[in-house]
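Reading through the structure tokens given below for one structure.
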Amino acid sequence: FALNRQWNKFKMLDHFSQKAKEEEKLIEGKKVMSIMLRHSGHYQGISNAVEHAIESVKSKIDDYDAVLLTTMIQPFVDEFKKVFGDRCICAERPRLLDDIDWKGGRPSNQEHMSDEEYAIEYQNAFLDVILSSKTDFMIGSSSNMFLAALSMNPNILYDFYFTDGY
């Protein structure tokens, strides 16, 4: 609860606060579960992370109006939309067309991001965390973003999605 006390002292700039309020409209008036799904490289030894994530949601979706998918990978959004249709919601923003990490997170020194690209990436990640923390239930895995959302809302119910070998 100490991290939550510190989070509650945090004040967002008006511009960012407005973006967060706009995205909160996605879940307003609904009972929503959320799932955080980063790129497959975050899940070592996993044959198909999105398949495991979908199965985790399927086992719980009957108790919810919608599932909020927070991901930066467009093919993951496409798969979730195929399975859950309009019950799958996510913020409207550009996503990566391949199952890869963002440029700044790749080990290659050959790809660089501008300050503006970094700012957008961090903003979107932070918006995902804030929005997920406001849902009724979260599903996550080994992720600092998942832990941050739990710190923002220590009363949220949550579960982990298990994958091959775990």
Side-chain angles (χ1 to χ4, degrees), residues 1 3-4 7 19-20 22-108 120-166:
F1 288 102
L3 289 173
N4 179 257
W7 165 248
K19 283 183 178 286
E22 216 29 62
E23 289 197 359
E24 284 177 38
K25 291 177 183 175
L26 285 169
I27 63 173
E28 197 171 73
K30 299 175 189 156
K31 186 175 181 187
V32 178
M33 65 184 302
S34 59
I35 185 160
M36 292 184 150
L37 185 60
R38 305 326 283 168
H39 81 97
S40 293
H42 281 230
Y43 314 104
Q44 295 297 318
I46 307 312
S47 58
N48 191 340
V50 73
E51 182 179 297
H52 290 285
I54 286 171
E55 290 304 314
S56 292
V57 171
K58 277 183 180 178
S59 70
K60 296 169 180 63
I61 191 74
D62 290 344
D63 296 330
Y64 297 90
D65 299 323
V67 57
L68 170 70
L69 174 62
T70 57
T71 187
M72 56 196 223
I73 310 297
Q74 186 60 46
F76 292 175
V77 172
D78 298 341
E79 286 298 312
F80 265 76
K81 292 277 186 184
K82 265 192 245 177
V83 174
F84 300 106
D86 291 342
R87 291 180 79 186
C88 176
I89 54 178
C90 52
E92 290 297 323
R93 59 175 76 121
R95 290 190 168 72
L96 299 172
L97 300 178
D98 296 308
D99 181 8
I100 56 174
D101 203 357
W102 55 292
K103 285 192 287 189
R106 295 180 203 155
S108 168
I120 291 168
E121 179 61 31
Y122 283 121
Q123 172 186 277
N124 290 342
F126 205 43
L127 286 167
D128 281 348
V129 170
I130 292 169
L131 189 59
S132 294
S133 77
K134 295 178 183 273
T135 60
D136 300 288
F137 183 82
M138 280 183 59
I139 300 174
S141 185
S142 175
S143 164
N144 289 332
M145 292 174 62
F146 182 62
L147 294 174
L150 293 175
S151 295
M152 290 175 186
N153 181 358
N155 298 314
I156 196 169
L157 299 174
Y158 65 93
D159 197 4
F160 298 97
Y161 58 89
F162 298 102
T163 53
D164 300 346
Y166 292 101

What pair of heavy atoms forms the shortest contact from D65 to R87, and how long is it?
-> O-NE, 3.4 Å
If you count the non-hydrogen atoms of other residues, nucleotides and ligands that lie under 6.0 Å from CZ in F84, is the total more than 12?
-> yes
Close side-chain approach of I139 to V57, heavy-atom, < 4.5 Å = yes
State, yes or no, whether a side-chain contact exists between T71 and F80 at a heavy-atom distance under 4.5 Å.
-> no
Can you name the nearest heavy-atom pair linking I89 to A66, along with the distance?
-> CD1-CB, 4.1 Å
Between M145 and A125 the two heavy atoms that sit nearest each other are CE-O, 3.5 Å
Scan residues 124-142 for pairs that pass salt bridge (Lys or Arg N to Asp or Glu O under 4.0 Å), counting only residues two or more places apart or in two chains.
-> E24-K134, R38-D128, R93-D128
Determine yes or no for a side-chain-to-main-chain donor-acceptor pair under 3.5 angstrom, with S132 supplying the side chain and V129 the backbone.
-> no
N/O donor-acceptor pairs under 3.5 Å from side chains in residues 25-32, not counting sequence neighbours:
from, atom 1, to, atom 2, distance (Å)
K25, NZ, E22, OE1, 3.2
K30, NZ, L26, O, 3.0
K31, NZ, D63, O, 3.3

Go through the steps for I156 and S133 under the test side chain to side chain contact (heavy atoms under 4.5 Å, CB included), then give the verdict.
-> CA-CA 7 Å; I156 196 169; S133 77; 5.6 Å; no
Can you name the residues that form a side-chain contact (heavy atoms from CB on, under 4.5 Å) with E51, not counting sequence neighbours?
-> N48
For E79, enumerate each residue passing the side-chain contact (heavy atoms from CB on, under 4.5 Å) test, keeping only those at least two apart in sequence or located in another chain.
-> V50, I54, K82
CG (D159) and OG (S141) are apart, to the nearest 0.5 Å, by 11.0 Å
Check M152 against F126 and note the closest heavy-atom contact, atom names and distance.
-> CE-CE1, 3.7 Å
Just jot down the salt bridge (Lys or Arg N to Asp or Glu O under 4.0 Å) partners of K81, sequence neighbours excluded, or say none.
-> none
Could I get the full list of side-chain contact (heavy atoms from CB on, under 4.5 Å) partners for L157, not counting sequence neighbours?
-> F137
State, with a plain yes or no, whether a side-chain heavy atom of R95 is found less than 4.5 Å away from one of C90.
-> yes
Output for pair (Q74 CD, D78 CG), nearest 0.5 Å, gives 4.5 Å
